[in-house]
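Residue numbering restarts at 1 for every chain, and letters A, B, ... go by the order of the sequence lines.
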Amino acid sequence: MPRSLGLLTEWKIFIKKLADLTRHNNERVRKAKVVLIGCSAGGFTLVYDIVSKLPRNFPLPVIVVIHRSRKHKSSIEEILNSKSKLMVKVAADKDQLKRGNVYFAPSDYHLLLEPDESLTLDCSEPILYSRPSIDVTFQSVADVYHDNVIAILLSGANADGADGICYIHEKKGFTVVQHPDSAEVRTMPEAAINKCSADLILSNLEIFSFMETLATTVNHNA
Amino acid sequence: MKDTVVDVISFEQVEEIIEWVNKIHGFDFSGYSRASLKRRITRIMQLQQLSMYELKSMLVNNPSFFEEFLIEVTVNVTEMFRDPTFFKAVREKVLPYLSSFQRIKVWNAGCSTGEELYSFAILLDQENLYNRAFLYGTDINRNVLNTAKKGIYNLKLMKQYSENYMLSGAAGSLSDYYVAKYDAATIVNNLRKNILFSVHNLVSDGVFNEFQLISCRNVMIYFDVELQNKVINLFYESLCPLGFLCLGSKESLRNAELAKKFRVIDRVENIYQKIG
Ligand SMILES: C[S@@+](CC[C@H](N)C(=O)[O-])C[C@H]1O[C@@H](n2cnc3c(N)ncnc32)[C@H](O)[C@@H]1O
């Protein structure tokens, strides 16, 4: 990008690029039924910002899988719930997936989706030392919603999420990976990018705009 | 790098397997989580490189395969003093009450390899209640029950459980309760004399005794709501008046009708008491 372009111009060009991209992928994004977010080391603040910025009318349920220690009680859901216009909660066993809600996988359990769109908690073995495992949730949700899934993978220090992203990719869902240069820890996004080709590789600012475009693109009545 | 393999088995095929297993082995998985079953069956097929056709014929022709199938398809992961705060709550809020009973019968349903039941035994021992107590551990799975009966665990794991033990606020050290030899830890005999492990299927078997405490943790998350309610009713019938029901940390009594029959002892740890 030439230096003479101001920040504003750069920004406008980028928005145009994103609009083109989403138009191109419009159909695939429009029919989505859920947004999945996976993150680990270095991604918490970003998840926090993404979720707290979601508009009241955000058209899809959101499922967030973050790695956290079961020893330290974390209250990111509570804090976010008071900040966000949506209902932010720890996923409970048999919760029915609904728009307007953001579900966090509890620590020490995997989170699965049933064909009747209710959630199941599962205490089976950790995968890649992780429970909850991003791979497990991404795959389980894709088994139910097939190509109607949007998945976003952020910063992290291991390779969890790569299998999940590629599984969704294989099932023709829509995949977004944080640009490794923007990630605080690049291992996780890099592992996914190396394993298969994500639809979009986005910087943090671009991720925010992507979420904004979702709010207007997705078919509300779907 | 391994390729991504999607749809090893479809949900429709999971239904087929459920029917098949019920017909041939009389085992009813129809109330189980489909998401979990699909994941576990996929794993078996991938590990053993079986097609759907091969899996079905193994289930018919190979009796010993079914036991293997049962282990793989259910989740058996467990720990001693898993959720230390739960055991702390039991010691502080339940045991003082239990000590008023002449006999303390405990049922650990879905006990897997026995770690949870031995944790309860230790708790009772520390409050000098063990000699009045009898503990039953049940599961559908013969293999895990055999491990439970032996009471021999990997020493490395015991070291991890020691941390849980300490966090639960128990006195002394977990190593007071096992004998270490090479890399194995054997639960001491004193702790094993009032314990019985046997097969019981929560789906199809009924009441078999009356209990002062029933603990069923991380079993019902794999059941659908209907089966969950049926099993909680079974527990209600199996409890003495004012007996206690302990559920897993993610398993609350949500059915309004059933909740009326219990008092909440600890809302976070999901400990309930049957109303008289
Ligand atoms: C995840 S383990 C829980 C072990 C232990 N209660 C704990 O919380 O650590 C679940 C156990 O439930 C058993 N189980 C599954 N279905 C059952 C049934 N219908 N009746 C009795 N046990 C069952 C499984 O074999 C497995 O050992």
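No side-chain N or O of B:R34 forms a donor-acceptor pair with one of A:T120 less than 3.5 Å apart.
Both the backbone and the side chain of A:L121 come within contact range of chain B, each with at least one heavy atom under 4.5 Å from a heavy atom of that chain. Contacts of B:D7 with chain A are made by both backbone and side-chain atoms, with heavy-atom separations under 4.5 Å. Heavy atoms closer than 4.5 Å to chain A are found nowhere in B:R217, neither backbone nor side chain. If you measure heavy-atom distances from B:E251 to chain A, you find no contacts under 4.5 Å at all.
Shown here is B:K56, whose NZ atom has more than 12 heavy atoms of other residues, nucleotides or ligands within 6.0 Å. Heavy atoms of other residues, nucleotides or ligands lying less than 6.0 angstrom from CD of B:E15 number more than 12. Within a 6.0 Å sphere centred on NZ of B:K261, heavy atoms belonging to other residues, nucleotides or ligands number more than 12. Environment of CD in A:E184: sparse, with no more than 12 heavy atoms of neighbouring residues, nucleotides or ligands closer than 6.0 Å.
Residues meeting the disulfide (SG to SG under 2.5 Å) test with A:C123, sequence neighbours left out: none.
When all heavy atoms of B:A35 and A:L112 are compared, the closest pair comes out as CB-CB, 3.8 Å.
In this structure, the side chains of A:D122 and B:V75 come closer than 4.5 Å at one or more pairs of heavy atoms.
Residues of residues 140-152 of chain A having a heavy atom under 4.5 Å from any heavy atom of chain B, listed by number: A:S140, A:D143, A:V144. Residues of residues 165-174 of chain B having a heavy atom under 4.5 Å from any heavy atom of chain A: none. Annotation: residues 227-234 of chain B contacts chain A through B:Q228 [non-hydrogen atoms, separation under 4.5 Å].
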Trace of the side chain to side chain donor-acceptor pair (under 3.5 Å) decision for A:S124 with B:Y222: CA-CA 11 Å; A:S124 61; B:Y222 299 103; 5.2 Å; no

Walk me through whether B:T4 and A:K195 qualify under side chain to side chain contact (heavy atoms under 4.5 Å, CB included). CA-CA 9 Å; B:T4 310; A:K195 195 169 177 187; 3.8 Å; yes

Test side chain to side chain contact (heavy atoms under 4.5 Å, CB included) on A:K94 and B:R254 and set out the steps. CA-CA 10 Å; A:K94 301 296 170 295; B:R254 277 190 308 183; 3.1 Å; yes

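A salt bridge links B:R40 and A:E125; the closest N-O separation between the charged side-chain nitrogens and carboxylate oxygens is under 4.0 Å. B:K250 has no carboxylate O lying under 4.0 Å from a charged side-chain N of A:D108, or vice versa, which leaves the two without a salt bridge.
Within the model, atoms CD of A:E114 and CZ of B:F11 stand 7.0 Å from one another, a figure rounded to the nearest 0.5 Å. The OG atom of B:S252 lies 8.0 Å from the CG atom of A:D93; values are rounded to the nearest 0.5 Å. Within the model, atoms OH of A:Y109 and CD1 of B:I221 stand 5.5 Å from one another, a figure rounded to the nearest 0.5 Å.
Of all the listed residues (B:E163, B:R39, B:M220), the one sharing the greatest number of non-hydrogen pairs under 4.5 Å with chain A is B:R39.
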